[in-house]
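Presented below is the structure to which this report refers.
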Amino acid sequence: MDYADYLIQQGINAISLGSLYALVAVGLSIVFGILRLTNFAHGDMMMVGAFSTLLSSLAGVPFLWGIGIGVVAGAAGGMIMERVAYRPVRGAPDVTLLLTSLAVTYILENLGILVFGSSPKNFPLPDWLDTSWEFRDGALTFTSINVLTVALTVVSLLFLGWFVTRTTTGLGMRAAAEDMGAAHLVGLNVNRLIVAAFALASAYAGLAGVLWAAQAGVVQPLMGFTPLLKAFVAAIIGGFGSIGGALFGGYLLGTLEVAIVAFLPDEISPYRDPIVFALLIVFLLFRPGGILQPNREEKL
Amino acid sequence: MSHTIRTRLIVAAAILLAAIVAVFGPGLLGDYFTRILLLICMNGVLVASLGLCNGFTGVFSLGHVGFVATAAYVNGILSLTAEQSASLLPNLPAWLSGWGMHFLPATLIAGLVTAALAALVGLPLMRLSGHFVSVATMGFLIIVNGVLVNADEFTRGSRTFTGVPLDTTLPWAMGWLVITLLVLARIIYSPIGRAMRAVRDNAIAARGIGINVLRTRLLAFVVGAFFAGVGGSLYARYLGSFSPATFYFSMMINQIAMLVLGGMGSLSGAMIGVVVIGTMTELLRALERGFSIDGVTMPPLFGASQIALGLVFILIMIYRPTGIAGGREIVLWPRTSTRPAPSVEEAPSRN
Amino acid sequence: MATLEAAPETHDAAAAPPLLAITDLTVSYGPVRALKGVSLHVEQGEVVALLGANGAGKSTTLRAISGLVRPRAGDIRLRGSSIMRLPPAKIVRNGVAHCPEGRRVFASLTVAENLRLGAASREDASGVDEDREKLLSLFPILRTRRNQTAGTLSGGEQQQLALARALMARPSLLLLDEPSLGVAPLLVRDIFRTLGQLKRQGVTMLLVEQNLSLALDIADRAYVLRTGEVRLSGVAEDLRDGERVAEAYLGSR
């Protein structure tokens, strides 16, 4: 196996991982952009999506439909979360919002444990998805899940691009993120925009949850925790609140993580997560507006 | 002045009462209530020290448990005898192994280590504000956890770290709680504490009147980290065995819930939160195990107490974001002249 | 008592209700009372100027009409029915468009997208297209810049965009807050020329403006506010006597 194959293989891994991070980070940024809410409970919509898909496939629903059910369930979960927990504290200080979201995630994860148990559940895949292709005598492998992940990510992100530039709701979401007061003045129904933002963001989380579970082969209530933290890093690298930045950050982070494991010595590569979060702190300190926006000051 | 004399008398009486409870309590209360009291004391140390930074300077740190974890492992490593470290941590560097250190010096060292760590990481982190500092300190917690999981030769990685002597008795815990509260009260109700509140209420105005914002925040962060180290040491020698997961997000949420419920911005708020949530958790634990009354069997509900805790937390955020104490000290004696009024006190009391 | 008094706010009860009627409006920001019982009205087709020094309560009045601040007391009626408790979006739907101080265009959106959001409250797609064409003819610079993001426009261009965005709602009442603020003097004249055109087309306006002579040139009537109260009101020509207005402004005698 030569080095080029190795690089290509790592590239496939990076794109696949980066797609998942991008899907989660986009939702975080959509909600943060409009509400300034650092939503820790966003990751739990991955659990909602994945378990909904699991339950529907156990009930005999075809897998592709099951993915749709996971996405819709994620969106519904996001809308309920907004109505029950976030609307009552809307307009409160940043820290109150953040703490509320911590409480929401705590409730949802424990609810998940209560309902599904804390042990991982097998996530069955249909045969047509349980395949992989090998090239160059096994030097290059990619699974149909990799392909599905990238394909669905691309399709859903194209949809997002269309949505935020062509529909009044999407444009309104961007407008409200920029200037909530002016959005009120032009007659946008800001309440509805916020609900739409949660639905959209959580639908992406639901999709990410299904794909994450498909890659891991298992689902469990705490599955959204680590991806959520990584998505924070991705969103902040890209500039928190910016949709394009979140995508960029997601793929950058995926690439970086794969590179740490693939190219750094074995003594260092286990420290991947500490390195990634140290990077987060560096960004918050020196580039709080993200890579693309060096001048946004959030420091004191 | 008579006020100060009275304050001193009351402090002395409180210490005496604490000493009596600590010495005679275990015999009178039995194991179950002694354990609850012990937990309240340990969490009191942790939550009061969390409140110093989060409640008084307005820098809402999510990284406190990172210091707790660090201290627990430092104390644990120092407590091991030569044979223990040979069998548990064969690759531990010689200068760290076989200390078999007594509780008190190990706790002080652990506290100093965490304080030094806080000074180091606080120097950059305390420059941030709002949710940015929260996210960054959470990053610190994750980094600490990642290091503990991977630094096998020091920590046994994600496996359980065992063999720590069970030294944390009620007198120790209560003694440290009293010291913590006295030191924190001393800081909070002094000119430094006033500077902290000024920084919290309006950092730009505080800077305008000559307060060094960074240094003020850093001081609160470092002192808070020292007592987080003390609390972590108490936990280490209370549990005897623990893993990195012991000191992670659920502990963080638990402590923050206590602080927020009781009310940030006062020591009595922190203690109220510790007592209320500690008691509530104990009561709900019975529910979690399942029980049967008059033939009606309640199945075990794992996670029910956490769900209840989360719901209480949300209700507090919605209906009373200042917590039970609402930023005031609940005092059983009239206000003394040594206590400056925090700005929030102008609001009418709802207690 | 001040020697100057506001003309009593009277209205012939038999006639149709005015387009906008505000009675005894009181607004507080925390302990600070920004408006202390303001009454005024705007008739269909009129341009009414709201004058006064900084902090007199002019912008607060407009914000209260649009539903951005919740008044403590009083009433705001549009064609006789109260709009005071309605959410901002409903008020726009009822025909009140607000062109805010400082323009507040959506900087990251294009000119065309800003205009589109201006019509967010409307459902008549063909009418929207028609109005957009009309407005792009009225503000030709916006046509050439229609695919540029609003943040790249100059201050004067942004003011035109803000005005066009508000007009996209096809309002029966246009609230204008300091359209000359931060705009180069030459462009200010352009903007007021456009406002004059709009007036001739029958657009009703309630105008807040620091520039007295510009405001009185275009207005039919004016009210002068000081510390949250109407101190003087009357027909615009009558208010050209600068001394009376200055007194009402500053409270000097």
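In what follows, every chain begins at residue 1, and chains take the letters A, B, ... in the order their sequences are listed. Atom set for the values below is all heavy atoms of this structure, side chains included, hydrogens, waters and symmetry mates excluded.
- With sequence neighbours left out, the ring-ring contact (aromatic ring centres under 6.0 Å, His included) criterion links A:Phe40 to A:Phe232.
- Using a 4.5 Å cut-off between heavy atoms, C:Ser66 contacts chain A through its side chain alone, with no backbone atom that close.
- Considering all non-hydrogen atoms of both residues, A:Asp179 and C:Phe106 come closest at O-CE2, 3.8 Å.
- Between chain A and the options C:Leu175, C:Leu117, C:Val105, heavy-atom pairs under 4.5 Å are most frequent for C:Leu117.
- At a threshold of 4.5 Å between non-hydrogen side-chain atoms, the residues A:Leu185 and C:Val92 do not count as touching.
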Show which side-chain atoms of residues 133-140 of chain C pair as donor or acceptor with protein atoms under 3.5 Å away, not counting sequence neighbours.
from, atom 1, to, atom 2, distance (Å)
C:Glu133, OE1, C:Arg143, NH1, 3.1
C:Ser137, OG, C:Glu133, O, 2.9
C:Ser137, OG, C:Arg143, NH2, 3.3

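- Heavy-atom pairs under 4.5 Å with chain C peak, among A:Gly172, A:Gly181, A:Ala175, at A:Ala175.
- Top candidate by heavy-atom pairs under 4.5 Å with chain C, chosen from A:Leu188, A:Asn189, A:Asn191, is A:Leu188.
- Listed here is the closest heavy atom pair of A:Glu178 and C:Leu109: OE1-N, 4.4 Å.
- Enclosure of atom CZ in C:Arg72 is not indicated, since only 12 or fewer non-hydrogen atoms of other residues, nucleotides or ligands lie within 6.0 angstrom.
- At a 4.5 Å heavy-atom cutoff, the contact between C:Arg104 and chain A is made by backbone and side-chain atoms alike.
- At least one side-chain heavy atom of A:Leu171 sits under 4.5 Å from a side-chain heavy atom of C:Arg116.
- Residues from residues 75-92 of chain A never place a non-hydrogen atom less than 4.5 Å from a non-hydrogen atom of chain C.
- In terms of heavy-atom pairs under 4.5 angstrom with chain A, the leader among C:Gly118, C:Ser121, C:Ala166, C:Ala107 is C:Ala107.
- When each of C:Ser108, C:Ala120, C:Pro100, C:Ala97 is scored by its heavy-atom pairs under 4.5 Å with chain A, the top score falls to C:Ser108.
- Residues passing the side-chain hydrogen bond (donor to acceptor under 3.5 Å, both in side chains) test with A:Thr226: none are found, sequence neighbours excluded.
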